[in-house]
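Just so it is clear, the values below take in all heavy atoms, side chains as well, and ignore hydrogens, waters and symmetry mates. In what follows, chains are A, B, ... by sequence order, proteins preceding strands, each numbered from 1.
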Protein chains: 6
Amino acid sequence: MGESEEKNQRWRSLRIVLPDAMASESGGVAYLFLHRPSRSNALNPDIFQELPLAIAALDSNPNVRVIVLQGSGKHFCAGIDLGTLANADHVSNAIGRHKEQFARSVKQMQAAFTAFEECRKPVIAAIHGACLGAGVDMITACDLRYCTKEALFSVKEVDLAITADLGTLQRLPGIVGYGHAIDLALTGRTFNGSEAKTIGLVQEVFASKQELDDKVGILAHEMATKSPLSVMGIKSVLLKSRDLTVAQGLDYVRTWSTAFLHSEDLEEVVKARAEKRKPVFSKL
Amino acid sequence: MGESEEKNQRWRSLRIVLPDAMASESGGVAYLFLHRPSRSNALNPDIFQELPLAIAALDSNPNVRVIVLQGSGKHFCAGIDLGTLANADHVSNAIGRHKEQFARSVKQMQAAFTAFEECRKPVIAAIHGACLGAGVDMITACDLRYCTKEALFSVKEVDLAITADLGTLQRLPGIVGYGHAIDLALTGRTFNGSEAKTIGLVQEVFASKQELDDKVGILAHEMATKSPLSVMGIKSVLLKSRDLTVAQGLDYVRTWSTAFLHSEDLEEVVKARAEKRKPVFSKL
Amino acid sequence: MGESEEKNQRWRSLRIVLPDAMASESGGVAYLFLHRPSRSNALNPDIFQELPLAIAALDSNPNVRVIVLQGSGKHFCAGIDLGTLANADHVSNAIGRHKEQFARSVKQMQAAFTAFEECRKPVIAAIHGACLGAGVDMITACDLRYCTKEALFSVKEVDLAITADLGTLQRLPGIVGYGHAIDLALTGRTFNGSEAKTIGLVQEVFASKQELDDKVGILAHEMATKSPLSVMGIKSVLLKSRDLTVAQGLDYVRTWSTAFLHSEDLEEVVKARAEKRKPVFSKL
Amino acid sequence: MGESEEKNQRWRSLRIVLPDAMASESGGVAYLFLHRPSRSNALNPDIFQELPLAIAALDSNPNVRVIVLQGSGKHFCAGIDLGTLANADHVSNAIGRHKEQFARSVKQMQAAFTAFEECRKPVIAAIHGACLGAGVDMITACDLRYCTKEALFSVKEVDLAITADLGTLQRLPGIVGYGHAIDLALTGRTFNGSEAKTIGLVQEVFASKQELDDKVGILAHEMATKSPLSVMGIKSVLLKSRDLTVAQGLDYVRTWSTAFLHSEDLEEVVKARAEKRKPVFSKL
Amino acid sequence: MGESEEKNQRWRSLRIVLPDAMASESGGVAYLFLHRPSRSNALNPDIFQELPLAIAALDSNPNVRVIVLQGSGKHFCAGIDLGTLANADHVSNAIGRHKEQFARSVKQMQAAFTAFEECRKPVIAAIHGACLGAGVDMITACDLRYCTKEALFSVKEVDLAITADLGTLQRLPGIVGYGHAIDLALTGRTFNGSEAKTIGLVQEVFASKQELDDKVGILAHEMATKSPLSVMGIKSVLLKSRDLTVAQGLDYVRTWSTAFLHSEDLEEVVKARAEKRKPVFSKL
Amino acid sequence: MGESEEKNQRWRSLRIVLPDAMASESGGVAYLFLHRPSRSNALNPDIFQELPLAIAALDSNPNVRVIVLQGSGKHFCAGIDLGTLANADHVSNAIGRHKEQFARSVKQMQAAFTAFEECRKPVIAAIHGACLGAGVDMITACDLRYCTKEALFSVKEVDLAITADLGTLQRLPGIVGYGHAIDLALTGRTFNGSEAKTIGLVQEVFASKQELDDKVGILAHEMATKSPLSVMGIKSVLLKSRDLTVAQGLDYVRTWSTAFLHSEDLEEVVKARAEKRKPVFSKL
């Protein structure tokens, strides 16, 4: 395989496959699995606690250049675990301090998904099976999304009589437009991979899980051969510019280029072109 | 029908069909008609004055859960009435106080459409025939849009030598993207329901007015069975987040959930699940 | 032709064809060519210096109502010229004052593209052949985009190990959504005119360069018959509203209409309608 | 007096003294009194309901050019009435729909104060005695503030174990800076008119209620002689610009001037200067 | 003392004195000392690493209600340690990856100060002696500032030929206005406690270190008797509203109140008022 | 003097005294005079045209490090010239194209003042005599303001029945707070140098014109000895951060520092400290 599995005893509900630092062909791609297959990878407190730690570990691991997010088993993610919802029920007549505890726990869950955006390295979600509720919140915080034709999506919070509060209502409109976003959020209707592609939620849809894995793997390895500085810069500037006026975004990227345009990676590009070979970039 | 018509003598240029409070099958869906069929529902001062009152009445009517906006007769809306335009001509060499009166009248017209966004309940526009000029401003302020295949749209203000000032230039880009928005606004070209669907202006396009009415009716009744608190929350948070950074939007929705997540509707969902039945939610 | 070529000795790397002020059929359409065909119109310091001057000249020329941007020769634009990149290499161990010079030169280049937005008149990009790197930054600052089926696009900065800093990361997401924008920017992959149409980057795709030129010419001449005040207002309000909340955008357009709705162009529309003829608008 | 008292039977908890339309010396100044002197003008549901109606009436009354807001009796305003607070207590274990009712009632109360900002005419608060809690929220929404030396202020919500939610936390920092704002809000400490002047909360402090009334009257009458269009424009542009970038604010005011600079009031100024007399402006 | 010192072996460059959980008179006030007295509490990597940990510990410690930040020894803080500056010098001809490391270290330092804002509990800076450079960045992130008459402040980065990058340029203008902020930042001039009070940088200035400690202690203990929920809400809403329009801020605080207004603390206030005693609030 | 006067035949309504490039004691301070003393330096079209050219020339002149803005003769600036106002009168019944010309001329005038902010080098306004109307717009765009005790200020547009449209309403509130800003703008009242100091409009007030010139000269020369890179960075980051959230401002300054912190100026500071001498910085 050229890839070595991380000591996964560290994680209760995730599984991580790291690239083999020695084998060049493993290409710097790390696989991060939601790993509660018997529960369709429903998101429980463990996952919300472990996700930011895992992402931070991958971000600071110099062997990792690209992260692929997947679900173990038959589904990508069934949304919030029922147990977590039950907890919410416990605070039924909560006021004051209990409300404040609730708000803090939502903040922690939001931060777990925002961690994908704060990670310097690109995160590719490869979705098969169900991707429901908080699963949609999660993938909107990833950089790229690919899925199988039969993948099933639903912004299903409306059917739990609650409001999606982990990012879908903030990030989905920028991806699919406001018309599709409110349609999906108000109806909670299920839609498949083909519609996800049509509305722009995913970049590409594949006929099978196998093809999804193969193609995403190729894409991820290709991306891992690119300049890590450039990839980091593009991701960061694009996300920062989202919340700036165009003029402010131009100021920001100009300052970014002033700091980073000249780099060892640009030198490598120039040298490689002169030598008519592919450039090879060192780790970040 | 299961539906009772409101005492429509109250309205000069609108018609409202309220759900029958007694008949459960009327499902809480109110129909709001632009009702000047002989003028293709062109928007006159009456409509601009009555619209916010009608919307407020529907918003505060506990029997109403979803509003369907339609046009009486052969068209949805032919845009601003020529008479209103003629008035604008009267102020031809207006300065100062007359300008100020003009600005106030535009403010009132803008507010008439913004009322759709401020209404807590979802508003579905069902469009057939022509939807021109200010008609487009109006539907961009609705939550969902459906139309017939032959529906005709045009951001036609450019051909009146004026600038759309009732919301199209602010809301359309978020729905169809900036490329389509400026194309439609600069050319004023007419496009049909199929193109409206392709660019994302409407959610779905139907073969006939009958099918449009049937399918929108089904969809509206389905939406009316959902938790009114959740529906209100999704609409409100999505619209507020449109004008916030993602980080600010996450703060906002977290506070919203802290206030509203635990509710009698969530309790009903939990109970209904235990009892393996559909939840039934009380009025807002 | 009905069109007269500007004394193009003024420009080193651009070519401008002005409408013939006398011949009504030339319709107020100016053609602005990137004119370094032997270098595939790669952007060199000359172009960046001349572009804002050329745009300003066209903006203030009353005979010009619409600007069509094209590339001379076989391609639209190959991106930044290698020589310019080489210069960046010269500043390899630059600090302080050299960094500041670099930042100022990027600022000037950014301003050259922003000039398309600040021009009161609409700018239509007609793209054939390659449109790479900074070429994409450039067209995202234009108002409308059309291309040939075989046109090739690439946000290729990632393959130079740099970050696009001339507007793509700020303007592309509003046109094609965040999903497509980050996909194109991170992969640097080449895509053709058909995909450009599918994702909304261009308004229309044509089978050949000839058809592109014909159809864009027709469209531009049609647009040039519209009210210059209205066209200017629509462009300006749409761009300003992009960076405002919806409520602020409504305030802005209301004030705009108060200043400009009543105009000689509106009077002409009213008169032409009474006389059942096409309105004819005077120059801006 | 030259002033006629409005038929105040209309109002339960306010009192309005309108300028005498006939007597030129009454100068267009309307006095709006919080009028529950036996309760120190504590804000009850009546006041929150009547305030926006009263302000709208004064706004649309052409005889009124300036509004002076005062408290009847010994104090300006003691804050929210205890009864209203008791109501809040009733909703102690409220969830869902009751929460939503609460939110709507806060929205109505916020709107009652925001009405001061939306009024086209300047509002001057003349404060004596106590100005506590929601009284501070109220005056921060006024345009100008004057008080007596012995006036007592307190952002006292912290001592009710709640959070000021009617505007103080949004508007006070812009008036006194963030350091003073958080100090006053976190400590709830009482401060007098002299400190209010030092930190910039009031424009001027006077030795007695009599002097306050006299000087504010003079100032209000003076302001009422100025161009109503100019006064409206200054207030409106300043408030709109508060929430815009400087560049956006310059765009906005430029469009405003294009609409309004030339006016009958400017013509009157030019004429009056030629005739060496004070200009006299007609009603708005 | 009624206060117990935390096992301070945990910290290398800070010292923390926690309130005695048993002794009610210790009032929930924690003292956080910058503790490198021999280096005038110059900020070294240790402090930047320990500060956010210390603040998080105090934030989650239920015995702590208010935090007082002080400097051990003769000064509050001499700014960035020379050693840290020397490190910056090491990266003199750094490009690319070294630049990126530098950016990350600045991000960590910025986060160390932003932690004061993210702490739910109020932070009071009590300043004596010198408060220079990054020391000013630090105190602008605190909620309240008090100092001695002889305290010396300087935004001295200009004299190191660098730009303050830890928050002064972002937070100071909101506290003292843009005029004072740019004056202090461009001149780097030293100013004393009295001027700090005049321009609003500190709330109060005291004659001696002893008086400073006494008065800040009294104030902190007084603040610690207030409702922790209310104090947290005021701090949070004020800071969030800083970056929102007024309308957005009103939305936010309304939702906050809907979630939190009714609380056990409000109930305690009502009960205490009925029983004519001071309310006593439980821990957060 | 050590200063040489620029060939001032170039300017019709300005006068510029450049520092003597040879004489080190002239310290890089350029003096820019509004130079229509017989008209109290009233702003005419010439000045608005020349100002941005003059500022650009000073900005790009490496001998200039600091700019002092003054008025020739007895006053700083009497505001817009009556002739310019008369022109506005000419467009009395202007519509459409004439309105558009007006808007462009206001845009040019706004840009003339914004040029002070866009200049990389600090601009100090030294004000004596009258500073009225557009004079106030102008100084709010400068970085630092000093004046004589007898200087007289007035935001006097209200007395011309117009609205200040050159920046006062956008920039003044950030300097003096919203209370003072609206007071000054609505009343148009005259205030002297002492009050200007009290409210924070000027940094310092001096007893005489002579003292003003002396002290501002000393301050400017002192500022000219500081690192030009640092001074430019502080000015730029402060102005950019004004329109960003605090989090965005921290992102921006971090990227700025990454680009610019390490510089030849920082190296010079380190060397000078080692050599126990004042650092000397090269030109920008």
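- Of the residues considered (E:Thr245, E:Leu250, E:Leu229, E:Leu144), E:Leu250 shows the highest number of contacts with chain D, using heavy-atom pairs under 4.5 Å.
- In this structure, the separation between CD on E:Glu222 and CZ on D:Arg189 is 12.0 Å, given to the nearest 0.5 Å.
- Among D:Thr198, D:Val106, D:Asp165, the residue with the largest count of heavy-atom pairs under 4.5 Å with chain E is D:Asp165.
- The contact list for residues 166-186 of chain E toward chain D, using heavy atoms and a distance under 4.5 Å, reads E:Gly174, E:Ile175 by residue number.
- Contacts between residues 251-258 of chain E and chain D, counted as heavy-atom pairs separated by less than 4.5 Å, involve E:Val253, E:Arg254, E:Trp256, E:Ser257, E:Thr258.
- Of all non-hydrogen atoms in E:Ser230 and D:Ala161, the two that sit nearest each other are CB-C, 3.5 Å.
- Within 6.0 Å of atom NZ in E:Lys149, 12 or fewer heavy atoms from other residues, nucleotides or ligands are found, so the atom counts as exposed in its surroundings.
- Chain D forms the most heavy-atom pairs under 4.5 Å with one residue out of E:Ile234, E:Leu219, E:Asp143, and that residue is E:Ile234.
- The choice from D:Val158, D:Val155, D:Thr114 that makes the most heavy-atom pairs within less than 4.5 Å of chain E is D:Val158.
- Residue E:Ala272 does not touch chain D at all, counting heavy-atom pairs closer than 4.5 Å.
- Using a 4.5 Å cut-off between heavy atoms, D:Ala164 touches chain E through its backbone atoms (N, CA, C, O) alone.
- The closest donor-acceptor contact from the side chain of E:Lys226 to the backbone of D:Asp159 lies at 3.5 Å or more, if one exists at all.
- D:Phe102 places a side-chain heavy atom less than 4.5 Å from the side chain of E:Leu261.
- Rounding to the nearest 0.5 angstrom, the gap separating the NE2 atom in E:His262 from the CD1 atom in D:Ile162 is 12.5 Å.
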